[in-house]
Visitor: 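Let me give you the structure first, and then I'll get to my questions.
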4 protein chains.
Amino acid sequence: MPATKAAAAASPKRRAAEIIDAAAAVFAEKSYHGTTTQDIAARLGIRQASLYYYVRSKEDALAQVCKLGVEGFLEFSEEIAGNGDSAAGRLAAIVRSHLAPIDVRPDYVKVFLTERQHLPKVRRKAISRTARAYEGVIEGVIRDGIRSGELAPATDPRLATLALLGMCNEATRWINTARGAGVEETARAFSRLLLDGLIRR
Amino acid sequence: MPATKAAAAASPKRRAAEIIDAAAAVFAEKSYHGTTTQDIAARLGIRQASLYYYVRSKEDALAQVCKLGVEGFLEFSEEIAGNGDSAAGRLAAIVRSHLAPIDVRPDYVKVFLTERQHLPKVRRKAISRTARAYEGVIEGVIRDGIRSGELAPATDPRLATLALLGMCNEATRWINTARGAGVEETARAFSRLLLDGLIRR
Amino acid sequence: MPATKAAAAASPKRRAAEIIDAAAAVFAEKSYHGTTTQDIAARLGIRQASLYYYVRSKEDALAQVCKLGVEGFLEFSEEIAGNGDSAAGRLAAIVRSHLAPIDVRPDYVKVFLTERQHLPKVRRKAISRTARAYEGVIEGVIRDGIRSGELAPATDPRLATLALLGMCNEATRWINTARGAGVEETARAFSRLLLDGLIRR
Amino acid sequence: MPATKAAAAASPKRRAAEIIDAAAAVFAEKSYHGTTTQDIAARLGIRQASLYYYVRSKEDALAQVCKLGVEGFLEFSEEIAGNGDSAAGRLAAIVRSHLAPIDVRPDYVKVFLTERQHLPKVRRKAISRTARAYEGVIEGVIRDGIRSGELAPATDPRLATLALLGMCNEATRWINTARGAGVEETARAFSRLLLDGLIRR
DNA sequence: GATGAATGAGCTTTCATTCAT
DNA sequence: GATGAATGAAAGCTCATTCAT
């Protein structure tokens with residue numbers, strides 16, 4: 001029976017994860033520079049100084065959040081890109097898999113997308129490289145589809161990729177809110193839109 | 001005979017606009033809370049204290065940037081929505097007109113999109129209402145098109161609107177850069193994508 | 001008639017020097033790490049934050065104090081070492097010229113002697129090199145005197161140098177206090193001691 | 001069979017002495033206020049909190065180090081002063097006995113000399129009294145020598161004492177290092193210097 | 001118009017210390 | 001004996017803002 005209030009329900013590792021969780025939530029809401037370490041501590045019901053038992057610095061917390069926010073994007077996309085499916089099928093799968101982390105850990109993804117710029121150069125560059133690789137994979141699938149005649153030859157693969165990413169990434173702002181919709185629905189609607197367009201046939 | 005370097009050729013009003021221009025640029029690059037008034041002053045070649053001759057406060061500068069960043073979106077969209085064109089034509093026009101300010105004043109739009117959350121509640125709510133109205137206009141055009149049989153009946157107008165806005169808004173990150181493309185091209189590619197999709201017919 | 005309290009008697013450059021003066025005094029009294037920036041501000045009758053208008057950081061203040069604390073040692077010693085005087089005459093002059101800055105700016109010298117270790121490595125090494133050179137000059141004079149037969153052949157020039165420096169440097173602790181004596185007296189007594197010893201002849 | 005690495009071979013009392021040893025070493029290197037309890041713990045391979053099993057506080061550690069650092073100075077000096085030897089012989093013995101603790105426990109002596117100022121007033125004053133007494137003993141020997149005609153009548157006993165102490169105390173900075181020399185040598189050189197001076201006879 | 005000087009408020013971080021285990 | 005977890009207090013520093021000039 002734990003006596004202290006704060007140490008209540010927390011395994012050694014779990015507590016550290018909770019700190020990062022809180023950081024992600026507050027960074028997502030107020031932006032990195034708009035967040036004080038006090039904000040994070042308050043959300044956890046601990047004192048500000050106690051954060052530093054688990055986290056080296058505010059910036060380190062951002063780095064951890066961003067790391068978890070980007071994880072999962074690249075790996076699945078490569079897997080999908082390499083399966084033998086049609087280009088359309090693979091693109092639909094990519095949309096679905098891109099929205100998945102946004103569904104599960106929206107704060108982490110949002111922070112990764114909007115706050116990673118505040119990471120120190122070295123880390124930022126490394127992440128940018130990963131992101132660039134991810135875009136490349138999607139672009140490759142589109143090029144494939146054009147070459148094979150499955151996708152419209154007039155398509156600009158680069159801009160199509162940016163469109164796909166743009167609409168999916170902005171979903172961090174509204175997915176699972178009243179203003180928006182759930183992932184399943186969103187994934188279906190976005191795939192259809194991307195592949196078939198709005199025009200009735 | 002102007003002695004100071006910076007104060008050289010500047011009408012009273014023009015100078016004030018330059019201050020806001022500089023604020024927009026730095027806010028866009030470093031985020032609102034990541035920007036110091038010193039950053040803005042440095043970009044203008046003046047001293048920190050001199051900013052306050054033109055601007056009431058840092059927050060006031062943000063408000064002005066956001067105001068100019070949102071201007072032009074709503075007016076044109078209503079005009080377009082009300083012209084007698086087909087739904088497809090009107091949507092293409094909306095895409096074009098939405099990208100226009102991004103082309104002309106990317107910093108202002110970017111700041112409006114990402115930093116308006118840091119405005120005090122009253123101002124923020126007012127802007128949100130405008131934004132909501134804007135979304136409503138687009139959604140209306142899509143509903144029109146579905147009703148008239150021009151657009152696919154299975155379309156979710158809300159999600160289609162969010163998709164359109166998402167892909168256009170994210171363009172603030174790359175339009176006119178080497179990584180992206182110019183507006184004309186982008187508008188054409190995005191309209192086609194939205195209306196016809198990627199699949200070859 | 002100056003209205004503000006603090007800005008009273010202070011030319012632009014003079015004020016900065018006053019800040020460093022205060023820092024030297026407090027560092028000398030409480031040691032570098034034992035001093036808070038608040039201590040320095042209090043001695044000047046200004047607010048802590050105001051220090052940073054003149055000084056980049058506490059460490060920068062230490063660097064400035066040390067720089068002024070070491071200045072004057074080397075230059076004179078080289079001059080003296082090179083004049084055509086006897087070894088005994090030159091050593092007496094070195095003692096006198098070494099005690100001079102201790103008389104004029106005891107705090108600066110004391111801080112240089114005891115706190116320079118807390119400077120960042122680069123600066124510290126540079127200062128150490130200067131100090132080493134200074135010791136070398138004195139040692140050289142002693143070697144000269146031994147070679148010419150003026151000084152006792154059994155003398156260890158290195159240890160004699162360290163003795164000279166030791167007794168002079170410790171004078172920072174008591175010179176011009178009731179516990180000690182004035183410079184003139186001290187210089188005379190130390191020269192005689194060094195050259196003739198305590199034994200009566 | 002001891003399980004923990006660090007706690008291996010250590011009697012209860014011996015361990016406490018090791019803690020103070022470590023404190024002395026780190027205080028000597030980084031100064032009292034420049035040392036963190038973590039620094040001391042790290043040098044022992046234990047955790048910060050574990051220090052408090054042996055030491056009441058950081059300040060208490062300083063007090064213990066200073067106590068051991070000053071021990072041995074006074075007792076021997078009184079013994080020497082009281083033996084029937086010549087003034088010169090007694091001064092040489094004092095130099096030797098003053099350098100002895102510097103040789104054996106340089107860190108303790110150095111900390112005593114440079115950090116005792118940070119002890120709370122009561123303790124500091126008590127130590128100062130002891131130090132003053134020590135100086136008095138040396139000064140007495142010199143006065144004796146002058147009175148008896150053994151030492152030069154023009155000698156200022158106070159300044160001669162301060163010279164002796166200055167050169168010996170500064171030896172904490174270099175004794176037994178490559179830059180300096182061993183105790184035996186140093187004691188011999190310093191005695192001769194003090195008594196006979198540098199001039200050849 | 002512009003700025004040098006100053007500051008209140010607040011920020012991130014450090015640190016000695018405590019205490020239940 | 002030793003330590004993981006936590007914290008009160010304070011440190012150095014930044015920053016938006018003011019104001020006399």
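Here is the naming used below: chain letters follow the sequence lines, and residue numbers restart at 1 for every chain.
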Visitor: Going by the rule side-chain contact (heavy atoms from CB on, under 4.5 Å), which residues pair with B:Ser50 if we only count those two or more places apart in sequence or in a different chain?
Guide: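 Checked B:Ser50 against side-chain contact (heavy atoms from CB on, under 4.5 Å); matches are B:Ile46, B:Arg47.
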Visitor: Not counting sequence neighbours, which residues clear side-chain contact (heavy atoms from CB on, under 4.5 Å) with C:Arg56? List them please.
Guide: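 C:Arg56 satisfies side-chain contact (heavy atoms from CB on, under 4.5 Å) with C:Asp60 only.
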Visitor: So D:Thr114 and C:Thr114, do their side chains get closer than 4.5 Å, heavy atoms only?
Guide: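 No; the side chains remain at least 4.5 Å from each other.
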Visitor: Just so I know, are the side chains of C:Leu51 and C:Leu44 near enough to count as touching, which here means a heavy-atom distance under 4.5 Å?
Guide: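 The answer is yes, as the side chains (C-beta and beyond) meet within the 4.5 Å cut-off.
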Visitor: D:Ala131: what forms a side-chain contact (heavy atoms from CB on, under 4.5 Å) with it, not counting sequence neighbours?
Guide: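 Partners of D:Ala131 by the side-chain contact (heavy atoms from CB on, under 4.5 Å) criterion, ordered by chain and then number, come out as D:Arg116.
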Visitor: Do the side-chain N or O atoms of B:Ser50 get closer than 4.0 angstrom to the phosphate oxygens (OP1, OP2) of E:dG1?
Guide: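 It does not, given that no N or O in the side chain of B:Ser50 lies less than 4.0 Å from OP1 or OP2 of E:dG1.
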Visitor: Given atom CZ of A:Arg47 and atom C1' of E:dT18, what is their separation to the nearest angstrom?
Guide: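 It works out to 15 Å between those atoms.
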Visitor: Going by ring pair (Phe, Tyr, Trp, His ring centres under 6.0 Å), name the pairs with one or both residues in residues 33-71 of chain D, residues two or more places apart or in two chains.
Guide: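 Passing the test, one end in residues 33-71 of chain D: D:His33-D:His118.
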Visitor: Within 45 degrees of the ring normal and closer than 6.0 Å to the centroid, is that where the cationic atom of D:Lys58 sits relative to D:Tyr32?
Guide: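 Because its charged atom sits under 6.0 Å from the ring centre and within 45° of the axis, D:Lys58 does stack over D:Tyr32.
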Visitor: Any chance you could lay out the side-chain contact (heavy atoms from CB on, under 4.5 Å) test for D:Leu68 and D:Phe112, step after step, and finish with the verdict?
Guide: CA-CA 8 Å; D:Leu68 293 170; D:Phe112 159 69; over 6 Å; no
Visitor: Regarding E:dC15, can its base be found pairing with the side chain of D:Gln48 as donor and acceptor, where the two atoms are less than 3.5 Å apart?
Guide: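 Donor-acceptor pair under 3.5 Å: no.
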Visitor: From CG of C:Leu62 over to P of F:dG12, roughly how many Å is that when rounded to an integer?
Guide: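 Rounded to the whole Å, the gap is 13 Å.
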Visitor: Can you pull out the residues from residues 116-124 of chain C that lie within a 4.0 Å heavy-atom distance of DNA chain F?
Guide: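 Under 4.0 Å from DNA chain F: no residue of residues 116-124 of chain C.
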Visitor: May I have the distance from B:Leu44 (atom CG) to E:dG1 (atom C1'), rounded to whole angstrom?
Guide: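 After rounding, the reported distance stands at 14 Å.
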Visitor: From F:dC19, F:dG8, E:dG8, pick the nucleotide closest to the side chain of B:Ala49?
Guide: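 The listed nucleotide nearest to B:Ala49's side chain is F:dC19.
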Visitor: Tell me, which of residues 51-59 of chain B have any heavy atom that sits under 4.0 Å from an atom in DNA chain E?
Guide: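 Contacts with DNA chain E under 4.0 Å: B:Tyr53, B:Tyr54.
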Visitor: Can you list, in residue-number order, the parts of residues 21-40 of chain B that come under 4.0 Å of DNA chain E, counting heavy atoms only?
Guide: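 Residues of residues 21-40 of chain B under 4.0 Å from DNA chain E: none.
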Visitor: For B:Lys121, enumerate each residue passing the side-chain contact (heavy atoms from CB on, under 4.5 Å) test, keeping only those at least two apart in sequence or located in another chain.
Guide: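 With sequence neighbours excluded, B:Lys121 shows a side-chain contact (heavy atoms from CB on, under 4.5 Å) to B:Arg124, B:Lys125, given in chain and number order.
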Visitor: Is A:Arg15 near enough to F:dA5 that one of its side-chain N or O atoms lies under 4.0 angstrom from OP1 or OP2?
Guide: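 No, A:Arg15 has no side-chain N/O under 4.0 Å of OP1/OP2 on F:dA5.
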Visitor: Name all residues meeting the side chain to side chain donor-acceptor pair (under 3.5 Å) criterion together with A:Ser57; count only those two or more places apart in sequence or in a different chain, and write none if there are none.
Guide: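 Testing A:Ser57 for side chain to side chain donor-acceptor pair (under 3.5 Å), a comparison that skips the adjacent residues, returns none.
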Visitor: Would you mind listing every salt bridge (Lys or Arg N to Asp or Glu O under 4.0 Å) that reaches into residues 20-31 of chain D, with sequence neighbours excluded?
Guide: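 Listed by first then second residue: D:Lys30-D:Asp39.
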Visitor: List the residues meeting side chain to side chain donor-acceptor pair (under 3.5 Å) with A:Gln48, not counting sequence neighbours, and say none if there are none.
Guide: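 Checked A:Gln48 against side chain to side chain donor-acceptor pair (under 3.5 Å); matches are A:Thr37.
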Visitor: What integer distance in Å separates A:Ile19:CD1 from F:dT7:P?
Guide: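 One finds 10 Å between P of F:dT7 and CD1 of A:Ile19, rounded.
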Visitor: How is the base pairing of DNA chain E summarised as a dot-bracket string, given the Watson-Crick and G-U wobble criteria with both distances under 3.5 Å, [ ] for crossing and | for another strand?
Guide: .||||||||||||||||||||
Visitor: Test side-chain contact (heavy atoms from CB on, under 4.5 Å) on C:Thr36 and C:Val26 and set out the steps.
Guide: CA-CA 9 Å; C:Thr36 71; C:Val26 190; over 6 Å; no
